[in-house]
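Computed from a predicted model, the values in this text were never measured in an experiment. Proteins come first, then strands; the chains are lettered A, B, ... in the order of their sequence lines, and each starts at number 1.
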Amino acid sequence: MTYETTIAPLDLDLTLSCGQTFRWHKEGDSWKGILGRRLIILRTRGRTLEVRSEPDDGDAVALVREHVRADDDIPRIQRRLASDPVLARGMRDVRGLRIVKTDEWECLVSFVLATYANIPRITRMVETLCTMFGDEVTEGVHAFPDIRRLGQASEKELAGCGLGYRAKYVGALSSCLTGGDIRRMRRLPFEDLRSELVGLPGVGNKVADCVALFGFGRLEAFPIDVWMARALKRLYGVGGTYKALHEFASDRFGEYAGYAQEYLYYNERLCGPRGECLFSKERADAVVRQD
DNA sequence: GCCCAGGAGTGTG
DNA sequence: CACACTCATGGG
């Protein structure tokens with residue numbers, strides 16, 4: 001059964017391949033990923049989004065709409081961010097890039113694994129965890145293991161997944177958190193959520209902001225990794241500590257800082273560290289520096 | 001072989 | 001609070 005829905009603007013390539021989430025891959029013109037306990041297959045045909053699910057599930061469309069934040073008012077968000085002259089130049093080219101809403105636990109573990117690793121390796125580590133510990137939802141496809149299941153894994157088993165020094169963090173997280181903790185954290189104000197996340201093993205400022213943004217859906221979060229730090233220096237001439245850069249971004253981008261971050265991150269991955277394009281390659285010579 | 005990765009923890013000044 | 005060092009490892 002193929003279900004249809006409309007989410008606009010939406011660019012699956014931009015949204016699912018830029019390091020927000022690590023379990024989607026493209027096969028031909030379709031994107032395959034796992035949401036909850038379903039294999040989801042997506043394909044864009046004109047303005048309609050085709051959704052298939054294995055096993056077949058009438059709620060698949062709802063899962064997908066939540067995952068790509070279908071209710072976000074992109075024109076409104078872009079109008080707000082267009083008050084920044086740097087972003088304003090090319091935002092039209094990334095209208096279809098949406099912030100993703102992922103499962104909080106999967107997001108937390110994924111970004112703890114993401115510390116000091118590149119995206120291909122993160123993808124591999126996450127996939128290994130799922131294969132080793134996650135329930136099979138359809139042939140050859142495994143769900144992300146829940147807290148309880150991962151908590152049953154021994155240190156040796158985790159270390160055997162090629163996680164390196166991150167294995168002990170995953171083990172510690174699995175044993176110090178419960179599903180109840182996650183549900184409680186959903187209701188916390190942003191700063192409280194952030195400080196509680198920072199207190200978790202393997203979670204510093206950057207991971208906390210990623211989990212707040214992609215897991216808990218807090219659009220005011222602004223994660224700063226090495227790419228973002230480079231982008232902020234290159235495009236705005238600002239540097240310094242995480243705290244200083246974070247304050248700069250919060251003042252400048254406000255309640256939609258997360259979208260600003262994703263636009264800038266995408267641009268940096270595409271064009272940096274020496275490139276200048278903002279945002280399509282054709283505009284490589286059109287950047288206005290702000291210093 | 002070399003460089004770097006969507007960093008965090010710990011110790012020190 | 002700000003820096004220096006360490007942590008394991010694979011992908012490009």
Review point. Nearest-Å distance, OH (Tyr165(A)) to C1' (dG9(B))?
Key: 10 Å

Review point. Between Ala117(A) and Pro201(A), who's closer to the 5' end of DNA chain B by nearest nucleotide?
Key: Ala117(A)

Check your understanding: Rounded to whole angstroms, how far apart are CG on Leu163(A) and P on dA5(B)?
Key -> 20 Å

Practice item. Return the value, rounded to whole Å, for the distance between atom OH of Tyr242(A) and atom C1' of dG7(B). Key: 10 Å

Exercise for review: Provide, to the nearest angstrom, the distance between the CG atom belonging to Leu213(A) and the P atom belonging to dG6(B).
Suggested key: 17 Å

Check your understanding: Is it true that the side chains of Asp56(A) and Tyr3(A) contain a donor and an acceptor less than 3.5 Å apart?
Key -> yes

Check your understanding: Between Arg230(A) and dA5(B), does any side-chain N or O lie under 4.0 Å from OP1 or OP2?
Key -> yes

Check your understanding: Do the ring centers of Phe22(A) and Phe111(A) come within less than 6.0 Å of each other?
Key -> yes

Point to revise | dA8(C) and dC4(B), which share atom name C1', separated by this distance in whole Å | key: 14 Å

Point to revise | Minimum-distance nucleotide (side-chain atoms of Val226(A) versus dA5(B), dG6(B), dA8(C)) | key: dA5(B)

Review point. Does the base of dG10(C) carry an N or O that pairs as donor and acceptor with the side chain of Tyr116(A) under 3.5 Å?
Key: no

**Study point:** Rounded distance in Å - CZ (Phe222(A)) to P (dG6(B))
**Key:** 17 Å

Practice item. Determine the interatomic distance between P on dG10(C) and the same-named atom on dG1(B); round to the nearest Å. Key: 16 Å

Review point. Under the 5.5 Å and 30° test, is Tyr265(A) stacked on the base of dG6(B)?
Key: yes

**Study point:** Contact residues, residues 118-128 of chain A to DNA chain B [heavy atom, < 4.0 Å]
**Key:** Asn118(A), Ile119(A)

Practice item. Mind calculating the distance between CG (Leu113(A)) and C1' (dT9(C)) to the nearest angstrom? Key: 13 Å

Revision key, fill the gap. Side-chain contact check for Thr241(A): nearest option of dA2(C), dA8(C), dG6(B) is dA2(C)

Review point. To the nearest angstrom, how far is Glu247(A) atom CD from dC1(C) atom P?
Key: 11 Å

